[in-house]
Protein chains: 2
Amino acid sequence: MAKMTIPKPGKPVRGSKSGKPIMALIDLMGRRWILRILWELRGDALTFRGLQEACGGLSPSVLNARLAELREAALIETTADGYALTPMGRELGTEFEALTHWAEKWAKGLK
Amino acid sequence: MAKMTIPKPGKPVRGSKSGKPIMALIDLMGRRWILRILWELRGDALTFRGLQEACGGLSPSVLNARLAELREAALIETTADGYALTPMGRELGTEFEALTHWAEKWAKGLK
DNA sequence: TCTTTTTGCTACTGAAAACGTAGCAACAGG
DNA sequence: CCTGTTGCTACGTTTTCAGTAGCAAAAAGA
């Protein structure tokens, strides 16, 4: 499996050469499992296998790749208890959690 | 190319069978180009080809698939001027734009 | 009216990413 | 030791994405 480059602000990413931070974020968030992982780590730290289970049993190879990307992006870190959000990652997670509200409204509107 | 099911709140989606709206959102946002399309439509409406160009020339087949998903999710609609965000889509777009701030901080923190 | 463009989209082939399973080395109890 | 857990790699299959070509319908000239 060819290695996907890790999106970083200031550098060209998939779909944009501008180097704008938002484009790096779009690239990162547009990858499968990234959001889910942040979501599952919103509470306590989780081990590799715990995270895998929480995500419904995604393949370890993909999980490992995503973890590397998130680590490189300084959004998660490994602690004694397993994987956990960094302060920056927690901030992003919190911002994203705000979308739960919106999602509820969205669900109602679709019915 | 096997058709990917369209994520909707209340139904099982890729990675989760709970039917929770947030999981449908995670599935949707985790697909490549979805966020970018919402981003590019934050201003005026764009035609199919205009959107394609704005996204750096993504393939029309993928664009069309993503547009179908976004339409089904009631986040975009076709108007006389082309594709545009629905009120609900605009709301999501606005929430996402708030992340621009965060992304700037993130970029600084990584340097 | 008769070309040209433009637009929205489909078809097809190849490349890349994700899935699913198996398994191994390191460590932790017991 | 023996057993179980943990983090992770390998690898073949399936799914998704990319890239190009092109067509029917509508619009725009001439």
Side-chain angles (χ1 to χ4, degrees), chain A residues 1-7 12-17 23-24 26-41 44-73 76-84, chain B residues 1-7 12-17 23-24 26-41 44-73 76-84:
Chain A
M1 183 163 69
K3 193 176 68 180
M4 205 172 9
T5 64
I6 294 172
V13 297
R14 298 185 310 167
S16 169
K17 295 175 186 169
M23 287 301 165
I26 286 175
D27 181 357
L28 189 63
M29 290 178 79
R31 298 176 185 199
R32 202 172 169 189
W33 296 114
I34 286 283
L35 283 173
R36 178 65 175 273
I37 290 169
L38 292 176
W39 176 259
E40 298 297 345
L41 287 178
D44 294 330
L46 287 172
T47 64
F48 188 94
R49 280 169 132 104
L51 198 45
Q52 193 183 357
E53 203 173 339
C55 290
L58 85 166
S59 30
S61 45
V62 174
L63 175 55
N64 195 44
R66 290 300 99 89
L67 289 175
E69 289 157 17
L70 286 168
R71 226 169 348 198
E72 187 79 15
I76 65 169
E77 61 192 347
T78 62
T79 70
D81 297 327
Y83 291 94
Chain B
M1 182 164 73
K3 193 175 71 179
M4 204 171 9
T5 64
I6 294 173
V13 296
R14 298 185 312 167
S16 168
K17 295 176 187 168
M23 286 301 163
I26 286 176
D27 182 357
L28 189 63
M29 290 178 79
R31 296 175 185 200
R32 202 173 169 186
W33 294 116
I34 286 282
L35 284 173
R36 179 65 175 273
I37 290 169
L38 292 175
W39 176 260
E40 297 297 344
L41 288 178
D44 294 329
L46 286 172
T47 63
F48 188 94
R49 279 169 133 103
L51 198 46
Q52 194 183 358
E53 205 174 337
C55 291
L58 85 166
S59 29
S61 45
V62 175
L63 174 56
N64 195 44
R66 290 298 102 90
L67 288 175
E69 289 157 16
L70 287 168
R71 228 170 347 199
E72 187 79 16
I76 65 169
E77 61 193 346
T78 62
T79 70
D81 297 328
Y83 292 93

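All values below come from the heavy atoms of this structure, side chains included, with hydrogens, waters and symmetry mates left out. Just so we're on the same page: letters track the sequence lines, and every chain starts at 1.
Checking the phosphate oxygens (OP1, OP2) of C:dC9, a side-chain nitrogen or oxygen of B:Tyr83 falls inside 4.0 Å. An OP1 or OP2 oxygen of D:dC17 is reached within less than 4.0 angstrom by no side-chain nitrogen or oxygen of B:Arg31. Residue B:Arg66 places at least one side-chain N or O closer than 4.0 Å to OP1 or OP2 of D:dC17. Residue A:Trp33 places at least one side-chain N or O closer than 4.0 Å to OP1 or OP2 of C:dC19.
With values rounded to the nearest 0.5 angstrom, A:Asp81 atom CG is found 8.0 Å from A:Asp44 atom CG. Separation of atoms CD1 (B:Ile34) and CG (B:Leu70) is listed at 4.0 Å; rounding is to 0.5 Å. Atoms CG and CG, on B:Leu51 and B:Asn64 in that order, are 11.0 Å from each other to the nearest 0.5 Å.
Of the candidate nucleotides D:dC17, D:dG7, D:dT9, D:dT9 has the atom nearest to the side chain of A:Asn64. Taking the side chain of B:Ser59 as heavy atoms from C-beta on, and the options D:dG19, C:dA22, D:dC17, the nearest nucleotide is D:dG19. Taking the side chain of A:Met4 as heavy atoms from C-beta on, and the options D:dT20, C:dA18, C:dG20, the nearest nucleotide is C:dA18.
For the pair B:Ile37 CD1 and D:dC17 C1', the interatomic distance rounds to 13 Å; values are reported in whole Å. Taking atom CZ on A:Arg32 and atom C1' on C:dG20, their separation rounds to 13 Å, with Å as the unit. Summarising the geometry, the separation between CG on A:Leu63 and C1' on D:dC8 is reported as 10 Å, rounded to the nearest angstrom. A straight line from CG of B:Leu46 to P of C:dT7 spans 12 Å, rounded to a whole angstrom. Rounded to an integer number of Å, the gap from CZ of B:Phe48 to P of D:dA26 is 17 Å. In this structure, B:Arg49 places its CZ atom 16 Å from P of D:dA25, rounding to the nearest Å. Rounded to whole angstrom, the span from the CD atom of A:Gln52 across to the P atom of D:dT5 amounts to 14 Å. Atom CG in B:Leu58 sits roughly 13 Å away from atom P in C:dC9 (whole-Å rounding).
The nearest heavy atom of DNA chain D to B:Arg14 and to A:Asp81 marks one nucleotide each, and the one closer to the 5' end goes with A:Asp81.
Between the side chain of A:Thr47 and the base of D:dG7, no donor-acceptor pair of N or O atoms lies under 3.5 Å.
For B:Arg66 (side chain) and B:Arg32 (main-chain N/O), a donor-acceptor pair under 3.5 Å exists by modelled atom type.
Looking at B:Thr78 and B:Arg71, their side chains come closer than 4.5 Å, going by heavy atoms from C-beta outward.
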